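What follows is a single structure, written as structure tokens, with notes after it.
First the proteins, then the strands, lettered A, B, ... as listed; each starts at 1. In this text the structure is predicted, and so the values were computed from the model without any measurement.
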Number of protein chains: 2
Amino acid sequence: MAKFSIDLDKAFSALADPTRRAIVSRLCEGPKSVSELSEPFDLALPSLLKHVRVLEESGLVSSEKIGRIRTCKVDAHALQETEAWINRHVSIWEKRLDRLEAHIHRMKRKN
Amino acid sequence: MAKFSIDLDKAFSALADPTRRAIVSRLCEGPKSVSELSEPFDLALPSLLKHVRVLEESGLVSSEKIGRIRTCKVDAHALQETEAWINRHVSIWEKRLDRLEAHIHRMKRKN
DNA sequence: CCAATACTTTCCCACATGGCTAAGTTTTCA
DNA sequence: TGAAAACTTAGCCATGTGGGAAAGTATTGG
């Protein structure tokens, strides 16, 4: 099976921070420069930039610098992969939950 | 709107650790005691216990101590809530991605 | 060509996290 | 009752994370 091109550890921990979830949400509205991105946050630029770097490392966001402006955008491909993984994982959980419930049911019968 | 009873920050950061994802997976097979849980891991008991505590704080796992044995299990309710949130969020992302793609499409036309 | 703009780098700090060992505590069983 | 089992607590350590200020580096626009 093909290896994941996204890293779950990195994806989950990237999304564990509310500021970063907000950044992803804003970028879903359309690409933005670093300073545009920083507007709604009460954060110094270097701090915001760190969040952007974390999101880039996770593969959820990508950016390109043209002239003096770095434009950031959501990486549609990575998002779709994340979504695909989530769907798969949720279905695994569902199956296991069914088993768990069946197990609990059996236990109750025995009492 | 009703407040979430699970905390996204905590849920995501709980799942960001591979050991904790493995614990959740094992618990999906059925409830387990702390020492049963620890078997496949090369971890001292207190370290494993810390992971369990993190999962409990996130609401994904619950446990009960009877006698000297603490039995841990996946919290089906919290899992379903997490799943529900994920589904909702993915659909928000999809809508926004559509908008993003439409935006890119418009940009391309202008060139 | 020089000032303003837009990052970027380089530190620094406080606190959280993940690991450990050692020393409890509480139950259970012989 | 007294040792073994199953956690639990306390404390230590190294590393990672999220925040900042200050100074540096390109790129413009006038």
Nearest of dG19(C), dG18(C), dC7(D) to any side-chain atom of V54(B)? dG18(C)
Could you measure the distance from the NZ atom of K32(A) to the CZ atom of R26(A)? Nearest 0.5 Å is fine. 5.0 Å
Among dA6(D), dC20(C), dG18(C), the one nearest P46(B) by side-chain distance: dC20(C)
Think H51(A) has a side-chain N or O under 4.0 angstrom from the OP1 or OP2 of dT17(D)? no
Is K65(A) close enough to dT8(C) that one of its side-chain N or O atoms is under 4.0 Å from OP1 or OP2 there? yes
Just call it for A44(B): base, sugar-phosphate, or nothing, with non-hydrogen atoms closer than 4.0 Å on any strand. base
Has S47(A) got a side-chain N or O lying under 4.0 Å from the OP1 or OP2 atom of dG20(D)? yes
Matching residue for L37(A) among T71(A), L49(A), I23(A) - test: side-chain contact (heavy atoms from CB on, under 4.5 Å): I23(A)
Which part of the nucleic acid, if any, lies within contact of L45(B), taking any heavy atom under 4.0 Å across all strands shown: a base, the sugar-phosphate backbone alone, or nothing? base
Taking the side chain of S35(B) as its heavy atoms from C-beta onward, which of dA21(D), dA6(D), dG19(C) lies nearest to it? dA6(D)
So, does the side chain of R68(B) form a donor-acceptor pair with the base of dT26(C) at under 3.5 Å? no
Side-chain (E36(A)) to main-chain (S33(A)) donor-acceptor, under 3.5 angstrom: yes
Taking OP1 and OP2 of dC7(C), is either one under 4.0 Å from a side-chain nitrogen or oxygen of S33(A)? yes
Quick one: is R70(A) getting a side-chain N or O under 4.0 Å of the dT8(C) phosphate, OP1 or OP2? yes
Check whether any side-chain nitrogen or oxygen of T19(A) sits under 4.0 Å from OP1 or OP2 of dG18(D), and answer yes or no. no
